[in-house]
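Quantities reported herein were computed from a predicted structural model and do not represent experimental measurements. Order of listing sets the numbers, starting from 1, for every ligand and every atom in it. We number each residue from 1, following the sequence as shown.
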Amino acid sequence: MKVIEIKGLEKSFGNQKVIKGLNLSLEEGEIFGLIGPNGAGKSTLIKLILQLIKKDCGEITFFEGHSDTIEKEIGATIEEPCFYEYLTGEENLKLYKNILGLHTKDIHDAMEMTGIIFAKDKKVSQYSMGMKQRLAISRAILSNPKLLLLDEPTNGLDPKAIIDLRELIKQLNHMGTTIIFCSHHLSEVKNICSSFGFLYDGVITKRENMNDSDSQIAEMEELFL
Ligand SMILES: Nc1ncnc2c1ncn2[C@@H]1O[C@H](COP(=O)(O)OP(=O)(O)OP(=O)(O)O)[C@@H](O)[C@H]1O
Ligand SMILES: [Mg+2]
């Protein structure tokens, strides 16, 4: 099944055209690495998929049209995770769960999976960047989403947390979640993803499955040069 299909997507900010007729489709079970230079439009694409910003034209179809509750079926972390700073981590997730009317995953389970359970009673204002990132990922998986969008989720994470995140992504993927993983860490992308796409000049100029060859990282690097 196609989890997402994007056709002819376009988006401008003022007179700057950022997305220029982009096509992309992802099959269920993929872990797709979205790479590209700074300012290429990766975060813009994620926000367009989430309908946080409005597209100029083009089509985005989810689950081959068999879905009307996108917000429950798509989980996401965006670049700068936002929370109510004066509430605790757990309270933030409770609020989110109530807003979406979720009855699925337990908040503690989600916080356990991302290793932030120890700080559940701390106010978010006292969280470090990495702790916020972990909380953001907990929030993203709360609804057991079928599609998970992670925009630079390793930002602010220490090496142990990155390893944990890699395991978590693989675990979620085994349970059937399709993932878009946006990152500048090409070795991470190589390690985690089953395929990648290079976003350049408003379109995906290269799309390839991950292979066993170590030289693939060098090939990915070259795309940036
Ligand atoms: N709300 C906005 N208003 C105006 N311009 C914007 C807006 N959001 C993004 N842009 C512009 O769109 C372009 C793409 O930005 P975007 O954040 O999507 O890039 P990116 O690929 O995520 O980059 P990075 O690797 O640095 O995260 C940039 O030139 C940026 O300045
Ligand atoms: Mg970005």
Side-chain angles (χ1 to χ4, degrees), residues 4-26 30-60 62 70 74-83 114 128-137 139-141 145 147-158 161-162 165-166 168-169 178-193 195-208 210 216-225:
I4 185 167
E5 184 163 32
I6 302 174
K7 282 185 189 163
L9 186 66
E10 296 186 15
K11 176 70 186 175
S12 297
F13 295 109
N15 52 17
Q16 183 197 4
K17 201 162 189 178
V18 177
I19 304 293
K20 305 178 183 174
L22 182 144
N23 301 312
L24 176 68
S25 82
L26 294 184
E30 271 191 74
I31 306 181
F32 177 74
L34 179 62
I35 60 173
N38 291 131
K42 303 177 296 296
S43 299
T44 301
L45 177 59
I46 300 280
K47 287 175 195 158
L48 286 165
I49 294 173
L50 290 168
Q51 298 170 10
L52 293 176
I53 55 175
K54 235 174 134 244
K55 61 185 187 309
D56 296 338
C57 64
E59 267 176 46
I60 304 179
F62 297 100
I70 293 304
I74 304 180
T77 68
I78 50 175
E79 271 176 315
E80 304 270 312
C82 275
F83 294 100
T114 59
S128 71
M129 188 175 163
M131 289 164 77
K132 281 186 192 170
Q133 197 61 261
R134 289 171 189 239
L135 188 63
I137 298 164
R139 181 170 63 186
I141 62 175
L147 175 63
L148 183 61
L149 313 177
L150 300 171
D151 194 356
E152 315 228 12
T154 54
N155 264 3
L157 295 186
D158 63 35
I162 292 177
L165 178 65
R166 191 190 304 157
L168 177 63
I169 288 176
T178 305
I179 295 157
I180 299 181
F181 179 77
C182 187
S183 175
H184 286 293
H185 299 276
L186 299 183
S187 57
E188 278 304 322
V189 173
K190 167 82 175 159
N191 248 318
I192 294 175
C193 300
S195 62
F196 75 89
F198 184 68
L199 178 54
Y200 187 77
D201 199 21
V203 293
I204 305 280
T205 57
K206 175 118 181 152
R207 169 120 160 69
E208 201 173 279
M210 239 28 113
Q216 200 171 19
I217 296 180
E219 286 161 26
M220 288 159 83
E221 252 167 18
E222 272 198 19
L223 295 167
F224 287 82
L225 304 178

*Asks:* So if I apply the side chain to side chain contact (heavy atoms under 4.5 Å, CB included) rule between I6 and each of I49, I19, N23, which one comes out positive?
*Replies:*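 Option passing the side chain to side chain contact (heavy atoms under 4.5 Å, CB included) with I6: I49.
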*Asks:* Do you know which N/O/S atom name in E79 is closest to the Mg ion (ligand 2)?
*Replies:*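 That would be atom OE2.
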*Asks:* Closest non-hydrogen protein atom to atom 17 (O) of ligand 1, residue and atom name please, with distance?
*Replies:*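 For this ligand atom, the closest protein heavy atom is S43 CB, 3.7 Å.
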*Asks:* With a 4.0 Å cut-off on heavy atoms, does E79 reach ligand 1?
*Replies:*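 For ligand 1, residue contact (heavy atoms, under 4.0 Å) with E79 is present.
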*Asks:* State whether the number of non-hydrogen atoms from other residues, nucleotides or ligands found under 6.0 Å of E208 atom CD is greater than 12.
*Replies:*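 Counting other residues, nucleotides and ligands, CD of E208 exceeds 12 neighbours.
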*Asks:* Give the residue and atom name of whichever protein heavy atom lies nearest to atom 18 (O) of ligand 1, and the separation in Å to one decimal.
*Replies:*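 Sorting protein heavy atoms by distance from atom 18 (O) of ligand 1 puts T44 OG1, 2.6 Å first.
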*Asks:* Looking only at protein heavy atoms, identify the closest one to atom 28 (C) of ligand 1 and say how far it is in Å.
*Replies:*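 Answer for atom 28 (C) of ligand 1: G39 O, 3.9 Å.
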*Asks:* Starting from atom 26 (O) of ligand 1, which protein heavy atom do you reach first, and at what distance in Å?
*Replies:*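 Checking every protein heavy atom, the shortest distance to atom 26 (O) of ligand 1 gives N38 ND2, 3.0 Å.
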*Asks:* Is the number of heavy atoms from other residues, nucleotides or ligands under 6.0 Å of E59 CD greater than 12?
*Replies:*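 Open.
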*Asks:* Check D201 with K20, please: is the shortest side-chain N to carboxylate O separation under 4.0 Å?
*Replies:*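 Answer for the salt bridge query: yes.
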*Asks:* Could you tell me whether atom 30 (C) of ligand 1 has a protein heavy atom closer than 4.0 Å?
*Replies:*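 No.
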*Asks:* The Mg ion (ligand 2) to T44: any N/O/S contact under 2.8 Å?
*Replies:*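 Short answer: no, not a single N, O or S atom is under the cut-off.
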*Asks:* Determine the minimum heavy-atom distance between K42 and L199, stating which atoms define it.
*Replies:*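 K42 and L199 have their closest heavy atoms at N-CD2, 3.5 Å.
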*Asks:* Within the 4.5 Å heavy-atom criterion, are F196 and L223 side-chain neighbours or not?
*Replies:*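 The answer is yes, as the side chains (C-beta and beyond) meet within the 4.5 Å cut-off.
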*Asks:* If you count the atoms of ligand 1 from 1 in the order shown, which ones are under 4.0 Å from a heavy atom of E152?
*Replies:*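 That gives atoms 25 (O), 27 (O) of ligand 1.
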*Asks:* Measuring to the Mg ion (ligand 2), does E152 have an N/O/S atom at a distance below 2.8 Å?
*Replies:*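 No, E152 does not qualify, because none of its backbone or side-chain N, O or S atoms lies under 2.8 Å.
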*Asks:* Only one of L149, I204, D151 clears side chain to side chain contact (heavy atoms under 4.5 Å, CB included) with L34; which?
*Replies:*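 The single option meeting the side chain to side chain contact (heavy atoms under 4.5 Å, CB included) with L34 is I204.
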*Asks:* Among L168, I169, L148, whose side chain to side chain contact (heavy atoms under 4.5 Å, CB included) with I137 holds?
*Replies:*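 Of the listed residues L168, I169, L148, the side chain to side chain contact (heavy atoms under 4.5 Å, CB included) partner of I137 is L168.
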*Asks:* Do any N/O atoms on G41 end up under 3.5 angstrom from N/O atoms on ligand 1?
*Replies:*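 There is such a contact, yes.
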*Asks:* About how many Å separate CZ of R134 and OG1 of T77, when rounded to the nearest 0.5 Å?
*Replies:*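 That separation rounds to 14.0 Å.
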*Asks:* For ligand 1, is there an N or O atom under 3.5 Å from any N or O atom of F13?
*Replies:*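 No.
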*Asks:* Checking the N or O distance criterion of under 3.5 Å, is ligand 1 in contact with V18?
*Replies:*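 No, there is no polar N/O contact under 3.5 Å.
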*Asks:* Check each heavy atom of P37 against ligand 1 and say whether those closer than 4.0 Å belong to the side chain, the backbone, both or neither.
*Replies:*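 The part of P37 near ligand 1 is the backbone, not the side chain.
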